[in-house]
Amino acid sequence: MSRTARSSSKVASVVPVSFYERAPDIVARALLGKMVVRDWKTERLIGRIVEVEAYFGTEDPAAHSYIGRTARNAVLFGPPGIAYVYFIYGMYYCLNVSCEPDGQAGGVLIRALEPVAGLETMAKLRKLAPNPKPQLLTSGPGRLCQALDITRAAHNGLDVTDPSSCLRIEDDNYHPEAIQVTPRIGIRHAADLPARFLIDKNKFVSGSR
DNA sequence: GGAGCGATGTCCT
DNA sequence: GGACATCGCTCCG
C-alpha cells in the first residue's frame, strides 16, 4: 500500500446521517461542494452541489412543512438524510434532503449542480441537442432532476446516506473558497429571509427571476 | 438579454 | 378551485 495523502483525500465517501441531523441552514451551507451521485443503468451521473436553499419546518411559511404533516410532506418530518422529491407546476420535480432529528421538520432544496460526470447522458435525459452549454444541464432545481432522471415515484423517501442507494450524496473533500448568502428564489412567502446559499462566482448557479 | 406568459399535475382547503 | 420551492418560448428593445 503506497497511497499518498493527496490521492486518499480524493476518495469520495457517503455523507453520514449525523451530518443532516442539524438545522436546515447549517446543513444547506455545509452541502455546498458535496457531490450528488446517481447510478443510472450502467452509468454514474455526478454533479457537484453549487446552490441550495434551507426550508425551516413548521415555522417557515415558504416551507411545505408549514401546514403540518400530510401524506405528501411526511418525509420532511421523518428521519434526516432522506430524499424528498415533489412534483411542481405540472411538469418538473425538485430534490430536497430532509434534516433535523426524526419528528422535527426541515429540509434543504438542491437548486443547482456543476456537472462532473455523465454529461452526454444528462443531455439526452434533458432532450437537448448534443454538446449543449453545460449550464443548461443542471442549473436549476427542475433541470437537475431531469438531467439525473430523479422522480417522485422512484426516489421520494430514499436514503441518500446509504452507499447502496442509486441516489446518494458523497464528500470528496472539496471545500468551496467563498460562499454567498441571498434570499430564496421563486417563492411568495418569507421571500426576504436569507436562506439561499451558493458558491461565489460559480458559473452553474441558477439565474434569479 | 430581459420581461412576460402559458403549460401542466398534484395536493390542500 | 386555486396555489405552486419552474422552465422555455416569444416578443420587444
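Just so we're on the same page: letters track the sequence lines, and every chain starts at 1. What you see is a predicted model, and the numbers here were worked out from it, not measured in a lab.
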**Student:** Heavy atoms within less than 4.0 Å of DNA chain C: which residues of residues 107-114 of chain A have one? Give them sorted by number.
**Tutor:** A/Leu109, A/Arg111

**Student:** Figure out the CZ/C1' separation between A/Phe56 and C/dA5, and round it to whole Å.
**Tutor:** 14 Å

**Student:** More 5' along DNA chain C: A/Arg188 or A/Tyr92, using each one's nearest nucleotide?
**Tutor:** A/Arg188

**Student:** Report yes if some heavy atom in the side chain of A/Val36 is under 4.5 Å from a heavy atom in the side chain of A/Ile49; otherwise report no.
**Tutor:** yes

**Student:** Rounded to the nearest 0.5 Å, what separates atom CG in A/Leu148 from atom SG in A/Cys166?
**Tutor:** 10.5 Å

**Student:** Using ring pair (Phe, Tyr, Trp, His ring centres under 6.0 Å) as the criterion, list what pairs up with A/Tyr20, not counting sequence neighbours.
**Tutor:** none

**Student:** Using a cutoff of under 3.5 Å, can you pull out all pairs of nitrogen or oxygen atoms linking the protein to nucleotides 9-13 of chain B, with atom names and distances?
**Tutor:**
{"from": "B/dC11", "atom 1": "OP1", "to": "A/Arg152", "atom 2": "NH2", "distance (Å)": "3.3"}
{"from": "B/dC12", "atom 1": "OP1", "to": "A/Thr70", "atom 2": "OG1", "distance (Å)": "2.5"}

**Student:** Determine: side-chain N/O of A/Arg196 to OP1/OP2 of C/dA5, distance under 4.0 Å, yes or no.
**Tutor:** no

**Student:** Would you say A/Trp40 and A/Leu125 make side-chain contact, with heavy atoms under 4.5 Å?
**Tutor:** yes

**Student:** Is any side-chain heavy atom of A/Asp200 closer than 4.5 Å to one of A/Glu177?
**Tutor:** no

**Student:** Between C/dT6 atom P and A/Tyr86 atom OH, what is the distance in whole Å?
**Tutor:** 6 Å

**Student:** Find the distance A/Asp25:CG to C/dA5:C1' and express it as a whole number of Å.
**Tutor:** 17 Å

**Student:** Which string of ( ) [ ] | and . matches DNA chain B, if you list each base 5' to 3' and count Watson-Crick or G-U pairs only when both distances are under 3.5 Å?
**Tutor:** |||||||.||||.

**Student:** C/dG8, C/dC4, C/dA5: which one has an atom nearest the side-chain heavy atoms of A/Tyr84?
**Tutor:** C/dA5

**Student:** Rounded off to whole Å, could you give me the CD1-to-P distance for the A/Ile187 and C/dA3 pair?
**Tutor:** 17 Å

**Student:** Can you tell me how far C1' of C/dC9 sits from CG of A/Leu136, to the nearest Å?
**Tutor:** 14 Å

**Student:** Show me the pairs that pass ring pair (Phe, Tyr, Trp, His ring centres under 6.0 Å) and involve residues 54-76 of chain A, at least two apart or across chains.
**Tutor:** A/His64-A/Tyr84, A/His64-A/Tyr86

**Student:** Taking the side chain as everything from C-beta on, heavy atoms only, tell me whether A/Tyr93 gets closer than 4.5 Å to A/Ile150.
**Tutor:** no

**Student:** When Ile, Leu, Val, Met, Phe, Trp and Tyr are grouped by side-chain heavy atoms lying under 4.5 Å apart, directly or through other members, which residues fall in the same group as A/Met35?
**Tutor:** A/Val37, A/Ile46, A/Val116

**Student:** CG/A/Leu109 to CZ/A/Arg196 distance, rounded to the nearest 0.5 angstrom?
**Tutor:** 10.5 Å

**Student:** Round to the nearest Å and state the distance from A/Arg184 atom CZ to C/dT6 atom C1'.
**Tutor:** 17 Å

